[in-house]
Novice: 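Supplied in structure tokens, the structure appears directly below.
Counting begins at 1 with the first residue of the sequence.
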Amino acid sequence: MEKTANDSNTSKKRLLGLTTAELKQVAQQLGMPAFTGGQIAKWLYEKGVMSIDEMTNLSKVNRERLAAEYCVGAMAPIDCQHSMDGTIKYLFPVRTVCYDDVAKNGTEKFVETVFIPDGDRATLCVSCQVGCKMNCLFCQTGKQGFDGNLTAADILNQIYALPERDLLTNVVFMGQGEPMDNLDNVLKATEILTAADGYAWSPKRITVSSVGIKSKLKRFLDESQCHVAISMHSPLHDQRLSLMPAEKAMGISEVVELLKQYDFTHQRRCSFEYICFSGLNDTLEHGHEIVQLVKGLECRVNLIRFHQIPNVDLPGADLNRMEQLRDYLTANGVYSTIRASRGQDIFAACGLLSTEKKKNQIL
């Protein structure tokens, strides 16, 4: 795919990020038949055009009407870094950020997006916020602070304007930000990705992560069929609280009790992300507590190496201990894997994403 030119005139509204129903409303407001909105949706989400001029089955008059007020709104990445293992980290400009549902325009903010090829699979790790409010001790994004929610358009732009877009098999919402803290825009983005008149992806190609936020997590589980991944990192309340302030508002035991109300025995999958710190949370006693915690819940546990970040005094991972924990969990009925660490040399691995210093470096 070579269509990477920007079409992001900030004086115009964006078509990217609008559902087919919304595009039909746009068409009618501009004096076109409603079905024209469906045609626009196909040009956007099936063909991935970068300009309205490419929508050739719209009359010239209708294209001019549309272009007078709207642009596609795609914004190409402005920087990329290549890892020795094939992972690519992209830096995307953000056109609009939202604070308490109030949108503010401007491209002075950025997010990082990670493309991870792996044989016949290619996964994209997308961001949903500039920074993050959760402030998990082990996460570089949390040290950045919070600079706003991404709109559905800027979430989708990480896919839409990705040079390798046509290679993607999976998308994970595990980049910068807490998806449940920007739930409306995350749900809208996943709706477009899975809608028959959008990208038409199966929900099982999408995984949305969360630390667990009351009411928001339940709403996501009710309104979406995408996979869910919960950041556990410890089955023990006090220890998890020391690592993740979000434990105070919704403890891991409460998260698990909520998950047990849903069916994960078919295509939808529930998983737990578990960063290992040697001697701290990777003991067999922790394994026993995990087994007891998730008993009766169809799930898997993904063990992840801790990647050191500045000014955080946490021990690194020990592969032998991780293997012992994995084997213990699997032997006791909780399927567990050790996730391959990708992109560490370009700071693209789990917990390393941050755009705090990018503005001054790029502008």
Side-chain angles (χ1 to χ4, degrees), residues 1 3-10 12-24 26 37-38 40-52 54-55 70-78 90-98 103 105 107 109-115 122-130 148-177 179 181-203 205-209 220 223-224 226:
M1 173 185 169
K3 297 176 182 178
T4 57
N6 287 354
D7 175 28
S8 56
N9 188 323
T10 56
K12 296 181 180 180
K13 293 171 280 189
R14 298 166 90 176
L15 296 172
L16 180 62
L18 298 182
T19 64
T20 299
E22 290 172 328
L23 290 169
K24 288 180 177 180
V26 167
I40 296 169
K42 287 186 177 181
W43 284 111
L44 290 174
Y45 303 127
E46 287 186 20
K47 301 182 183 298
V49 298
M50 302 302 287
S51 72
I52 290 171
E54 296 177 68
M55 301 180 184
Y70 288 87
C71 62
V72 169
M75 301 171 66
I78 58 175
Y90 287 101
L91 184 68
F92 279 97
V94 176
R95 173 169 162 176
T96 308
V97 293
C98 298
N105 287 338
T107 57
K109 299 188 185 299
F110 309 92
V111 292
E112 291 184 326
T113 306
V114 182
F115 174 72
T123 299
L124 189 69
C125 181
V126 301
S127 296
C128 64
Q129 294 179 317
V130 181
N149 288 320
L150 299 194
T151 61
D154 277 310
I155 293 173
L156 288 172
N157 184 67
Q158 297 165 73
I159 300 168
Y160 198 94
L162 185 79
E164 297 84 4
R165 180 185 68 193
D166 295 337
L167 302 177
L168 291 180
T169 59
N170 301 85
V171 167
V172 295
F173 283 73
M174 296 182 182
Q176 293 176 262
D181 196 39
N182 187 19
L183 185 55
D184 286 341
N185 288 309
V186 168
L187 283 174
K188 187 174 183 182
T190 57
E191 176 189 350
I192 291 170
L193 286 171
T194 57
D197 48 11
Y199 279 79
W201 283 19
S202 165
R205 294 175 63 180
I206 304 167
T207 301
V208 179
S209 69
F220 170 78
E223 296 183 20
S224 172
C226 296

Novice: Could you label the plane-to-plane angle of the Tyr45 and Tyr160 rings as parallel, tilted or perpendicular, counting under 30° as parallel and over 60° as perpendicular?
Specialist: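 Judged by the thresholds at 30° and 60°, the geometry between Tyr45 and Tyr160 is perpendicular.
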Novice: To check you understand the geometry: which heavy-atom pair defines the closest contact between Cys226 and Val208, and what is its length?
Specialist: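 So the minimum-distance heavy-atom pair works out to CB-CG2, 4.4 Å.
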Novice: Roughly how far apart are Met75 CE and Gln158 CD, rounded to 0.5 Å?
Specialist: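 One gets 11.5 Å once the value is rounded to the nearest 0.5 Å.
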Novice: Taking side-chain hydrogen bond (donor to acceptor under 3.5 Å, both in side chains) as the definition, give me every residue that meets it alongside Trp43, ordered by chain and number, with sequence neighbours left out.
Specialist: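 For Trp43, the residues satisfying side-chain hydrogen bond (donor to acceptor under 3.5 Å, both in side chains) (neighbours in sequence not counted) are Asn57.
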Novice: If you round to the nearest 0.5 Å, how far is CZ of Arg95 from CG of Asn157?
Specialist: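 Answer rounded to 0.5 Å: 10.5 Å.
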Novice: Hey, does the side chain of Ser224 reach the backbone of Phe220 with a donor-acceptor pair shorter than 3.5 angstrom?
Specialist: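 No; judged by distance alone, with no hydrogens or angles, the pair does not exist.
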Novice: Between Asn182 (side chain) and Cys128 (backbone), is there a donor-acceptor pair under 3.5 Å?
Specialist: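 Yes, because the side chain of Asn182 sits within donor-acceptor range (under 3.5 Å) of the backbone of Cys128.
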Novice: Between Pro77 and Ala161, which heavy-atom pair has the shortest distance, and what is it?
Specialist: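 It is CD-O, 3.4 Å.
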Novice: What are the two closest heavy atoms between Gly38 and Lys24, and how far apart are they?
Specialist: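 Minimum heavy-atom separation between Gly38 and Lys24: N-CG, 4.1 Å.
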Novice: Could you state the interatomic distance from CH2 (Trp201) to OG1 (Thr169), rounded to the nearest 0.5 Å?
Specialist: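 The OG1 atom of Thr169 is 7.5 Å from CH2 of Trp201, to the nearest 0.5 Å.
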Novice: Would you please test Lys42 and Val49 for side chain to side chain contact (heavy atoms under 4.5 Å, CB included) and show each step?
Specialist: CA-CA 9 Å; Lys42 287 186 177 181; Val49 298; over 6 Å; no
Novice: Provide the closest heavy-atom pair for Leu150 versus Ile155 in the form atom of the first, atom of the second, distance.
Specialist: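 Residues Leu150 and Ile155, closest heavy atoms: CB-CG1, 3.8 Å.
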Novice: Can you tell me if Thr113 uses its side chain to pair, donor with acceptor, with the backbone of Val126 under 3.5 Å?
Specialist: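 Flag not set: sc Thr113 to bb Val126 has no pair under 3.5 Å.
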Novice: If I compare all heavy atoms of Pro93 with all of Ala76, which pair ends up nearest, and what's the gap?
Specialist: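 Shortest heavy-atom separation between Pro93 and Ala76 comes out as CD-O, 3.5 Å.
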Novice: Passes side chain to side chain contact (heavy atoms under 4.5 Å, CB included), Asn170 versus Thr207? Steps please.
Specialist: CA-CA 8 Å; Asn170 301 85; Thr207 301; over 6 Å; no
Novice: Picking from Ile206, Thr190, Ile192, Leu44, what satisfies side-chain contact (heavy atoms from CB on, under 4.5 Å) with Tyr199?
Specialist: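 The single option meeting the side-chain contact (heavy atoms from CB on, under 4.5 Å) with Tyr199 is Ile192.
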Novice: Using every non-hydrogen atom in the two residues, find where Gly17 and Ala152 come nearest and quote the distance to one decimal.
Specialist: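 For Gly17 versus Ala152, the nearest heavy atoms are O-CB, 4.2 Å.
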Novice: Please state whether the rings of Phe92 and Tyr90 are parallel, tilted or perpendicular, taking 30° and 60° as the class boundaries.
Specialist: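 Tilted.
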Novice: Out of curiosity, Gln129 CD to Phe173 CZ, how far, rounded to the nearest 0.5 Å?
Specialist: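 Going from the CD atom of Gln129 to the CZ atom of Phe173 covers 12.0 Å.
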Novice: With rounding to the nearest 0.5 angstrom, report the CG to CG distance, Leu156 to Asn185.
Specialist: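 One gets 9.5 Å once the value is rounded to the nearest 0.5 Å.
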Novice: Determine yes or no for a side-chain-to-main-chain donor-acceptor pair under 3.5 angstrom, with Arg205 supplying the side chain and Leu168 the backbone.
Specialist: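 Present.
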Novice: To the closest 0.5 Å, what do you measure between CE (Met55) and CG (Leu15)?
Specialist: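 Taking CE in Met55 and CG in Leu15, the distance rounds to 5.5 Å.
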Novice: Do any N or O atoms from the side chain of Glu112 and from the backbone of Gln176 form a donor-acceptor pair under 3.5 angstrom?
Specialist: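 Flag not set: sc Glu112 to bb Gln176 has no pair under 3.5 Å.
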